[in-house]
There are 2 protein chains.
Amino acid sequence: MQKIVTNVSEKLKAGEYKLTSRREIILRVLLENGEKHLSAEEVYNLVKVKVPDIGLATVYRTLELFLDLDIIRAMDFGDGRKRYEFSDESRHGHYHHHLICEECHRIIEVNEDLLDEIESIVTYDYQFSIINHHLIIFGICKDCMAKGK
Amino acid sequence: MQKIVTNVSEKLKAGEYKLTSRREIILRVLLENGEKHLSAEEVYNLVKVKVPDIGLATVYRTLELFLDLDIIRAMDFGDGRKRYEFSDESRHGHYHHHLICEECHRIIEVNEDLLDEIESIVTYDYQFSIINHHLIIFGICKDCMAKGK
DNA sequence: CTATGTGCAAATCCTTTGCAATCCA
DNA sequence: TGGATTGCAAAGGATTTGCACATAG
């Protein structure tokens with residue numbers, strides 16, 4: 001984890017940004033909550049435990065900054081707010097996908113890519129230069145199925 | 001198109017809802033703008049041309065109703081608002097995907113599914129019962145590439 | 001020391017809701 | 001007729017912004 005903090009610190013410096021105490025704590029909270037896909041408000045609440053005088057606006061501004069620097073990725077899983085995750089490609093290979101349980105609202109990560117076929121159609125037939133993609137699969141998870149939902 | 005209106009009318013009646021003039025006009029606006037992925041406000045502006053005294057709240061309520069009845073689908077393409085499209089499965093087979101050009105913000109539809117491999121992994125390995133999915137691919141479209149973006 | 005970052009409150013944007021009037025089955 | 005639907009305005013929730021003060025490099 002320290003390695004990631006150092007790495008982010010370098011990305012910030014490269015962009016003429018400062019690594020402030022608030023930014024470092026927000027970063028650590030994101031790291032400590034790896035697969036939780038926190039919303040801005042959830043990040044804020046977690047950070048506030050460590051730094052009670054932080055402002056929500058700082059959290060939004062920092063998340064925006066991290067997005068610009070490709071440190072994190074954001075997406076809307078259908079609940080009307082952005083949720084953030086580390087865009088550490090080394091973690092799972094190039095991409096991973098998300099399953100959303102419509103019963104318990106859990107977000108499950110799928111550590112596979114498997115979009116080669118569609119990507120090559122998009123690239124060659126549509127002449128579209130792919131930067132990124134979001135695949136969200138909605139349904140009912142194993143546990144909720146077991147409960148007969 | 002008349003056929004679709006009749007079909008929606010039946011879905012409404014089946015749910016004890018009325019086919020009011022406002023609902024019919026909203027439906028027609030959605031149909032006439034098939035692949036445009038209108039936002040609620042865009043629907044509102046188009047409907048207002050035909051029915052100047054319509055309220056924005058009615059548009060939101062009608063879109064919500066159409067969502068419940070699976071007449072339309074909604075998704076956030078990354079611009080912080082919901083955009084709607086017909087969920088007419090007969091139009092393109094089971095599913096289609098969306099390409100978003102980060103330069104001109106155009107939404108291009110891809111009329112292929114091609115997610116069988118990942119769907120079977122999700123279904124069998126993750127024991128997840130799939131209801132729906134959203135695949136959004138971000139990148140630069142053919143035209144913007146040609147302009148050297 | 002100086003530009004950048006921050007907290008706070010106000011503002012903004014999208015969406016929802018309460019209520020009285022209106023409309024369709 | 002009577003419950004569903006609607007317009008309007010106000011409320012709500014998420015996010016952004018203006019500004020004076022604080023802080024990193």
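Judged by distance alone, the side chain of A/Glu10 and the main-chain N or O of A/Asn7 form no donor-acceptor pair under 3.5 Å. When atom types are taken as modelled, the side chain of B/Ser87 and the backbone of B/Asp70 share a donor-acceptor pair closer than 3.5 angstrom.
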Trace of the side chain to side chain contact (heavy atoms under 4.5 Å, CB included) decision for A/Leu135 with B/Ile136: CA-CA 6 Å; A/Leu135 172 58; B/Ile136 307 176; over 6 Å; no
From CA spacing to verdict: salt bridge (charged side-chain N to carboxylate O under 4.0 Å, His left out), B/Arg28, B/Glu32: CA-CA 6 Å; B/Arg28 286 181 186 276; B/Glu32 285 162 10; 6.0 Å; no
Tabulate below the donor-acceptor pairs under 3.5 Å that side-chain atoms of residues 36-49 of chain A make, not counting sequence neighbours, or state none.
from    : atom 1 : to       : atom 2 : distance (Å)
A/Lys36 : NZ     : A/Asn33  : OD1    : 3.0
A/His37 : ND1    : A/Glu35  : O      : 2.8
A/His37 : NE2    : A/Glu85  : OE1    : 2.9
A/His37 : NE2    : A/His98  : NE2    : 2.9
A/His37 : NE2    : A/Glu109 : OE2    : 3.0
A/Ser39 : OG     : A/Glu42  : N      : 3.2
A/Glu42 : OE1    : A/Ser39  : N      : 2.9
A/Glu42 : OE1    : A/Arg83  : NH1    : 3.0
A/Tyr44 : OH     : A/Lys48  : NZ     : 3.3
A/Asn45 : ND2    : A/Glu41  : O      : 3.3

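Spacing between atom CG of A/Asp68 and atom C1' of C/dT4 amounts to 16 Å, rounded to whole angstrom units. Here D/dT6 presents its C1' atom at 16 Å from CD of B/Glu64, a figure rounded to the nearest Å. For the pair A/Leu19 CG and C/dG5 P, the computed distance is 11 Å after rounding to whole Å. Put simply, CG on B/Asn45 is 11 Å from P on C/dC14, counting in whole angstrom units. Rounded to an integer number of Å, the gap from CD1 of A/Ile25 to P of D/dT23 is 13 Å. Rounded to a whole Å, the CD atom of B/Glu41 is 15 Å from the P atom of C/dT12. Note: CD (A/Glu24) to P (D/dT23) measures 16 Å, nearest angstrom. Rounded to whole Å, the distance from CG on A/Leu63 to P on D/dT16 is 10 Å.
Here the NZ-CD1 distance, from A/Lys147 to A/Ile140, works out to 11.5 Å after rounding to the nearest 0.5 Å.
Minimum interatomic distance between A/Leu69 and A/Lys11 (heavy atoms only, all atoms of both residues): O-NZ, 3.4 Å.
Partners of A/Ser9 according to the side-chain contact (heavy atoms from CB on, under 4.5 Å) rule, which considers only residues two or more places apart in sequence or in another chain, are A/Lys13, A/Leu19. Residues that satisfy the side-chain hydrogen bond (donor to acceptor under 3.5 Å, both in side chains) test with A/Asp143, not counting sequence neighbours, are A/Arg106.
Sorted by residue number, the list of members of residues 73-83 of chain A with any non-hydrogen atom under 4.0 Å from DNA chain C is empty. For DNA chain D, the neighbouring residues in residues 6-17 of chain B, judged by any heavy atom under 4.0 Å, are B/Tyr17. Within residues 54-62 of chain B, the residues that have a heavy atom under 4.0 Å from DNA chain C are, in order of number, B/Leu56, B/Ala57, B/Tyr60, B/Arg61.
Taking the six-membered ring where the residue is Trp, the centroids of B/His134 and A/Phe138 are separated by under 6.0 Å.
Among D/dA24, D/dT6, D/dT15, the nucleotide with an atom closest to any side-chain atom of B/Arg22 is D/dT6. Set against C/dA25, C/dT6, D/dG25, the side chain of A/Lys18 has D/dG25 as its closest nucleotide.
In the hydrophobic clustering of ILVMFWY residues, with side-chain heavy atoms under 4.5 Å counting as a link, B/Leu12 and B/Leu30 come out together.
Regarding contacts with the backbone of D/dT6, a side-chain N or O of B/Thr20 is found under 4.0 angstrom from either OP1 or OP2.
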